[in-house]
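Accompanying notes for the structure given below.
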Amino acid sequence: MLKRPRLLILSGQAGAGTTSASLGLRESLGGGEGAASVVDGRGQVSEIEGLVDRTIAAAGLGTMAQELPRVLTGLTGIAGVLAVHEAAKRGEAIVWDAGETGGLLRVLALLDAARSEAASILPPLIAMRAARALSAVDRAAWQGILTALGSVRAMLDDDGTRVLLVAVPDDGLEEFLADRIGQLSLMRTACDGILVNRVPRNGDGWPESWAGPRRHRVERLRGRGLPVVDIAHLTNDAPGKTAFRAEAGGVLEIARVPRPLPDSITERDDGGFDIHVHLPGVRPDLVRAGRLGDSLVTQVAGLRRQTVLAPVLARCEIQGAGMDGDWLIVRFGRNLALWPEAS
């Protein structure tokens with residue numbers, strides 16, 4: 001039996017209707033247990049900005065840290081993470097209106113970093129200096145953010161979570177989805193389903209020259225095996241909430257897509273090594289790979305992820321990279337200057 005989602009994350013194109021979708025799906029997600037919570041966190045951004053300002057002041061770094069507020073507090077998603085964490089503690093089903101997908105991707109990158117190193121939410125120098133001067137209240141606030149990041153990271157790995165992209169059937173739909181599905185895969189998650197909003201129905205009086213291409217784009221997505229729910233374009237439903245509510249059953253039946261597997265390393269017969277990076281559903285032309293210091297940089301549609309190389313690979317050089325099915329294979333050869341025993 002399909003597990004009923006406990007967390008729906010809705011994200012998509014600007015103006016595609018993530019807020020309408022969240023409101024329309026809320027009651028159905030709650031089921032017999034009552035309505036689910038809809039969270040977005042936008043109302044809490046000023047509190048995080050104040051915390052960051054006090055942290056910079058406590059660190060005594062002045063203009064050295066002026067970029068931090070823009071990098072960190074520009075993410076309304078951090079406030080969303082806190083709101084999701086609080087709703088989860090109350091045992092509620094949750095609809096997270098995560099807004100434009102670029103913002104969600106930045107939050108996922110932060111969640112991934114916080115999982116590997118809690119202090120990575122702040123530059124080490126700022127964290128070290130501020131820790132000695134921050135008030136007990138502000139130190140507790142930072143710890144609360146770190147706790148929420150860990151909690152939501154665990155929720156993303158749970159079978160009861162779905163990530164849904166919301167889009168409209170205009171020109172560029174397929175490119176948008178290819179980019180965002182690939183970028184979600186790079187961030188070690190996946191798009192479980194696509195809600196295509198404002199799809200004109202046959203017989204509703206829409207001009208066929210306008211409506212036909214939009215319906216055709218939706219059918220083309222279905223033909224590629226993507227899980228698609230199309231939402232009717234209703235002239236009498238300006239906010240769009242009613243249209244999403246009508247399709248809630250189909251949305252809740254969307255199954256969870258398997259998440260990317262961990263990276264792995266194999267040694268070749270010639271003494272070199274291959275890193276295998278699982279990128280399911282990613283178009284090969286969107287993928288790039290390279291090296292920055294002792295890190296592997298993987299890029300999908302312009303979004304980058306850095307992974308620290310194993311010590312054995314730090315003594316190697318990249319010889320090439322390419323996609324093999326759903327796997328990016330990065331080939332490393334031994335740097336003879338760093339492998340004297342091999343020369």
Side-chain angles (χ1 to χ4, degrees), residues 3-48 73-108 110-111 144-145 148-149 151-156 158-168 180 184 189 191-198 229-232 234 237-254 256:
K3 182 176 181 179
R4 190 179 190 84
R6 296 297 298 169
L7 171 61
L8 282 180
I9 302 174
L10 302 178
S11 183
Q13 295 167 304
T18 59
T19 299
S20 296
S22 300
L23 295 173
L25 296 172
R26 173 176 56 189
E27 294 179 8
S28 297
L29 181 62
E33 304 168 14
S37 293
V38 173
V39 301
D40 61 24
R42 285 187 276 263
Q44 302 180 42
V45 172
S46 60
E47 297 176 21
I48 299 176
T73 64
L75 300 178
T76 58
I78 292 181
V81 165
L82 292 172
V84 169
H85 177 61
E86 289 302 315
K89 288 196 296 185
R90 297 192 295 269
E92 299 171 348
I94 304 163
V95 182
W96 182 4
D97 176 8
E100 203 278 321
T101 312
L104 174 62
L105 289 164
R106 290 191 292 273
V107 173
L108 293 174
L110 179 61
L111 290 170
I145 289 175
L149 288 169
S151 169
V152 174
R153 177 71 253 180
M155 293 176 70
L156 288 177
D158 186 82
D159 286 345
T161 294
R162 306 286 188 274
V163 179
L164 306 178
L165 291 178
V166 184
V168 291
R180 293 318 198 192
L184 287 169
T189 186
C191 169
D192 297 301
I194 301 162
L195 309 185
V196 185
N197 192 16
R198 306 185 195 119
V229 176
D230 60 287
I231 310 299
L234 303 180
D237 184 30
K241 183 169 61 174
T242 301
F244 280 102
R245 187 184 297 122
E247 301 297 336
V251 174
L252 298 184
E253 290 174 0
I254 292 175
R256 182 176 166 90

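This is a predicted model, so every value here is computed, not measured.
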Closest heavy-atom pair and its distance - Ile231, Ala243
CG2-CB, 3.5 Å
State the NE2-CD1 distance between His85 and Ile145, to the nearest 0.5 angstrom.
11.0 Å
So Leu10 and Leu25, do their side chains get closer than 4.5 Å, heavy atoms only?
yes
Report yes if some heavy atom in the side chain of Arg26 is under 4.5 Å from a heavy atom in the side chain of Leu23; otherwise report no.
yes
Nearest heavy-atom contact between Trp96 and Val81 is CH2-CG2, 3.8 Å
In this structure, CG of Asn197 is separated from OG of Ser20 (nearest 0.5 Å) by 7.0 Å
Could you tell me which non-hydrogen atom of Leu7 sits nearest to which non-hydrogen atom of Met155, and how far apart they are?
CD2-CE, 3.9 Å
Are Glu100 and Arg180 within salt-bridge range, i.e. N to O under 4.0 Å?
yes
Member of Val166, Thr19, Val39 meeting the side chain to side chain contact (heavy atoms under 4.5 Å, CB included) criterion with Asp97:
Thr19
Minimum heavy-atom separation for Gly160 to Asp158, with atom names?
N-OD2, 2.7 Å
Check the pair Ser151, Lys89 against side chain to side chain contact (heavy atoms under 4.5 Å, CB included), reporting the backbone distance first and the verdict last.
CA-CA 10 Å; Ser151 169; Lys89 288 196 296 185; over 6 Å; no
Taking all non-hydrogen atoms of both residues, which atom of Ala98 and which atom of Ser11 are closest, and how far apart?
CB-CB, 4.2 Å
Are the side chains of Leu156 and Ile9 in touch, meaning some heavy atoms are under 4.5 Å apart?
yes
Minimum heavy-atom separation for Leu82 and Gly144, please, with both atom names.
CD2-O, 4.1 Å
Give the intermediate values and the outcome of side chain to side chain contact (heavy atoms under 4.5 Å, CB included) for residues Thr161 and Thr189.
CA-CA 11 Å; Thr161 294; Thr189 186; over 6 Å; no
Do the side chains of Thr18 and Leu195 get nearer than 4.5 Å, heavy atoms only?
no
